Amino acid sequence: MWFTRLFVAWIFIVASASMSAALTAQECSDMRELYGTEPSECSNPTLVAEKTTLSEPTVFQRENNVFFPQGGTALDRVAREQVATLARMLNGDILGETCLALVGHSDSSGGAKVNLQVSKSRAIAVQRAFDALLENPSQIEKVVGMGESRALVGLPPESKWQRRVELRARRCDF
């Protein structure tokens with residue numbers, strides 16, 4: 001896979017330390033596929049939720065997406081803080097050679113054409129926020145919109161949590 005999700009080790013630490021809800025079986029499978037490893041909770045069936053319909057994103061999903069819970073394309077305070085935190089990390093030594101793809105998404109309300117346009121506008125809004133904070137704005141390599149075509153697993157397609165920009169990371173070529 002050309003792009004991988006951001007914060008591989010960091011996510012496992014944060015997810016294990018701060019998770020109040022169990023991981024879903026799908027999350028365990030995704031982590032095995034993406035990273036070749038998984039948190040210890042995945043090996044204990046009593047800690048893995050079989051529930052497939054969630055009311056809000058999991059910790060894993062939250063760490064890899066910037067959400068737009070009010071709709072539209074403007075970043076709220078939480079989203080701006082998330083981008084600022086990530087920008088500080090991308091400006092540092094550890095993630096300084098990390099490049100991002102920003103993939104916009106929408107919920108299933110509205111028409112497909114409008115949803116595709118809104119999802120792209122969300123990705124551009126996140127890119128602009130990063131551009132103002134990154135020492136090297138070329139770390140944002142790709143900005144695309146996917147509309148409603150790739151809903152977060154476990155959440156209904158009409159959920160407000162589908163309105164998001166997914167953060168995908170890889171080592172930069174420069």
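Small disclaimer: the values here were computed from a predicted structure and weren't measured.
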- Please assess Val126 against Leu75 for the test side-chain contact (heavy atoms from CB on, under 4.5 Å), listing each intermediate value before the final yes or no. CA-CA 8 Å; Val126 173; Leu75 276 72; 4.3 Å; yes

Give a yes or no answer on whether the side chain of [X] reaches the backbone of [Y] with a donor-acceptor pair at less than 3.5 Å.
| X | Y | value |
| --- | --- | --- |
| Ser119 | Gly147 | yes |
| Gln61 | Val153 | yes |
| Gln162 | Ser159 | no |
| Gln139 | Leu134 | no |

Straight-line distance of [X] [atom1] to [Y] [atom2], nearest 0.5 Å:
| X | Y | atom1 | atom2 | result |
| --- | --- | --- | --- | --- |
| Glu158 | Ser108 | CD | OG | 5.0 Å |
| Thr98 | Arg168 | OG1 | CZ | 16.0 Å |
| Glu63 | Leu167 | CD | CG | 10.0 Å |
| Ser121 | Arg128 | OG | CZ | 8.5 Å |
| Leu155 | Asp107 | CG | CG | 11.5 Å |

Are [X] and [Y] connected, step by step, through hydrophobic side chains (Ile, Leu, Val, Met, Phe, Trp, Tyr) whose heavy atoms are closer than 4.5 Å?
| X | Y | value |
| --- | --- | --- |
| Ile124 | Ile140 | yes |
| Val143 | Met146 | no |
| Val144 | Val165 | no |
| Val103 | Leu116 | no |

- Item | Modelled atom types, side-chain donor and acceptor of Glu148 and Asn115, under 3.5 Å | yes

- Note on the structure: Between Glu166 and the options Arg122, Lys142, Arg150, the salt bridge (Lys or Arg N to Asp or Glu O under 4.0 Å) test singles out Arg150

- Query: For Phe67, is the NZ or CZ atom of Arg164 found under 6.0 angstrom from the centre of its six-membered ring and inside 45 degrees of the ring axis?
  - Reply: no

- Task: State which residue, out of Thr85, Asn136, Leu133, Leu95, fulfils the side-chain contact (heavy atoms from CB on, under 4.5 Å) condition with Leu90.
- Result: Leu95

- Should the heavy atoms of other residues, nucleotides or ligands under 6.0 Å from CZ of Arg62 be counted, would the total exceed 12?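 Above 12, so yes.
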
- Query: Should Phe130 and Val83 be marked as a side-chain contact (heavy atoms from CB on, under 4.5 Å) after you check the CA-CA gap, both sets of side-chain angles, and the distance that decides it?
  - Reply: CA-CA 7 Å; Phe130 274 120; Val83 169; 3.7 Å; yes

- Closest heavy-atom contact between Gly104 and Ala123? N-CB, 3.9 Å

- How far apart are the C-alpha atoms of Val118 and Arg163, what are their side-chain angles, what is the distance that settles it, and do they pass the side-chain contact (heavy atoms from CB on, under 4.5 Å) test? CA-CA 9 Å; Val118 167; Arg163 300 188 297 250; over 6 Å; no

